[in-house]
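Chain naming here is simple, since letters A, B, ... match the order of the sequence lines and numbering starts at 1 in each. Heavy-atom basis, side chains included; hydrogens, waters and symmetry copies ignored.
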Protein chains: 2
Amino acid sequence: MSHHTIDYIQRIRDSGHRMTHQRQIVLDAVCSFNRHATAAEILKRVHEIAPAINQATVYRTLNFLTEIHLLFSGTIDGQTIYEIATPTPHHHLICRKCGHIAALPDQCFADLIQQIKTEYQFLPEIDHWAITGLCADCQ
Amino acid sequence: MSHHTIDYIQRIRDSGHRMTHQRQIVLDAVCSFNRHATAAEILKRVHEIAPAINQATVYRTLNFLTEIHLLFSGTIDGQTIYEIATPTPHHHLICRKCGHIAALPDQCFADLIQQIKTEYQFLPEIDHWAITGLCADCQ
DNA sequence: CTGCTTGCAAACCATTTGCATCACT
DNA sequence: AGTGATGCAAATGGTTTGCAAGCAG
């Protein structure tokens with residue numbers, strides 16, 4: 001498990017909400033992927049761990065955890081994905097053949113962002129991008 | 001209308017399919033936006049033009065036109081969007097406040113793509129990106 | 001105790017599908 | 001005339017919601 005339980009409990013309480021078994025298990029499930037995961041994947045993982053948790057609760061919890069910024073939520077190929085929020089944004093290179101995922105540091109976008117700012121007077125908000133393509137092994 | 005009807009009829013016939021009123025109207029509707037549009041937006045526009053066209057037909061037609069590459073289809077914020085396919089890819093800057101959309105030439109990504117290729121041995125396929133943020137007027 | 005959370009089941013809503021009919025080539 | 005396309009209505013599937021019961025603080 002890649003998160004420190006106590007921090008998250010505090011974050012939830014500080015936001016004026018309660019810590020519950022269900023929220024703990026959903027958090028554990030999200031972290032267990034060590035990558036972003038779709039709602040369906042998380043739902044499946046949760047049910048493997050605790051079949052009694054209702055699916056409505058999982059959806060509600062994912063929305064809730066995203067609202068208080070414990071999770072980051074984005075969109076890839078029409079699917080909503082979730083992952084543990086990190087202090088600095090990072091992005092992903094996803095191989096469309098083998099599914100391999102690599103991280104891409106935020107800094108790679110610095111020049112592009114600068115160009116968009118100066119040439120287009122547009123302030124881009126690039127929080128989490130997934131770039132699909134072919135990894136080294138699959139080209 | 002930004003497309004030349006005759007070309008599209010030929011493209012549809014060449015692909016071994018038939019040209020119909022419905023397909024013409026869906027194409028017109030997609031073009032009428034002069035930008036990408038969601039299935040829901042296109043459906044609404046089609047029904048303004050020709051209320052008799054069934055929604056199943058619109059969905060089927062959008063999928064069909066995408067399959068024969070007359071339309072480009074992508075994903076923005078969990079919604080499938082469509083637009084007329086263009087020979088060279090282009091991208092969009094979308095203001096999250098006023099909704100204004102500006103085009104971003106493919107060439108802006110050249111350096112980023114090069115860096116990803118050389119540093120990560122990853123071959124990105126950047127077909128159509130929507131970058132959200134704030135336009136000059138809304139900052 | 002208080003009211004936030006959950007489980008349950010039903011509702012929702014965009015999209016898809018089966019089938020009979022229609023109409024393009 | 002033949003078969004691909006359409007209209008219709010029902011099915012589908014992921015997600016959301018209303019409500020009563022449960023439990024954290």
Between P of dG13(D) and NZ of Lys44(A), the distance in whole Å: 17 Å
Angle of first-five versus last-five pair axes in the helix from dC1(C)-dG25(D) to dT25(C)-dA1(D), to 10 degrees: 40°
Flag if over 12 foreign heavy atoms under 6.0 Å of CG, Asn54(A): yes
Co-membership, hydrophobic cluster, residues Leu71(A) and Trp129(A), 4.5 Å side-chain: no
Contacting residues from residues 51-64 of chain B, given that a heavy atom lies under 4.0 angstrom of DNA chain D: Ala52(B), Ile53(B), Asn54(B), Ala56(B), Thr57(B), Arg60(B)
Ring centroid separation Tyr82(A) to His36(A) under 6.0 Å: no
Atom-to-atom span, NE2 of His21(A) to C1' of dT6(C) - whole angstrom: 12 Å
Donor-acceptor contact below 3.5 Å, side chain Gln10(A) vs main chain Asp7(A): no
Check: Arg18(B) side chain, dG4(D) base, donor-acceptor under 3.5 Å: yes
For atom CG of Leu27(A) and atom P of dT5(C), their distance in whole Å: 14 Å
Salt bridge (charged side-chain N to carboxylate O under 4.0 Å, His left out) partners of Glu83(A), counting only residues at least two apart: none
Rounded interatomic separation in angstrom, taking CD from Glu67(A) and C1' from dC4(C): 14 Å
DNA chain C: 5'-proximal contact among His17(B) and Ala40(B) (nearest heavy atom): Ala40(B)
Under-4.0 Å salt bridge between Lys44(B) and Glu48(B): yes
N/O (side chain, Thr20(A)) to phosphate O (OP1/OP2, dT6(C)) under 4.0 Å: yes
Whether over 12 other heavy atoms sit under 6.0 Å from His100(B) NE2: no
Cluster overlap Val58(B) with Leu70(B), hydrophobic side-chain contacts below 4.5 Å: yes
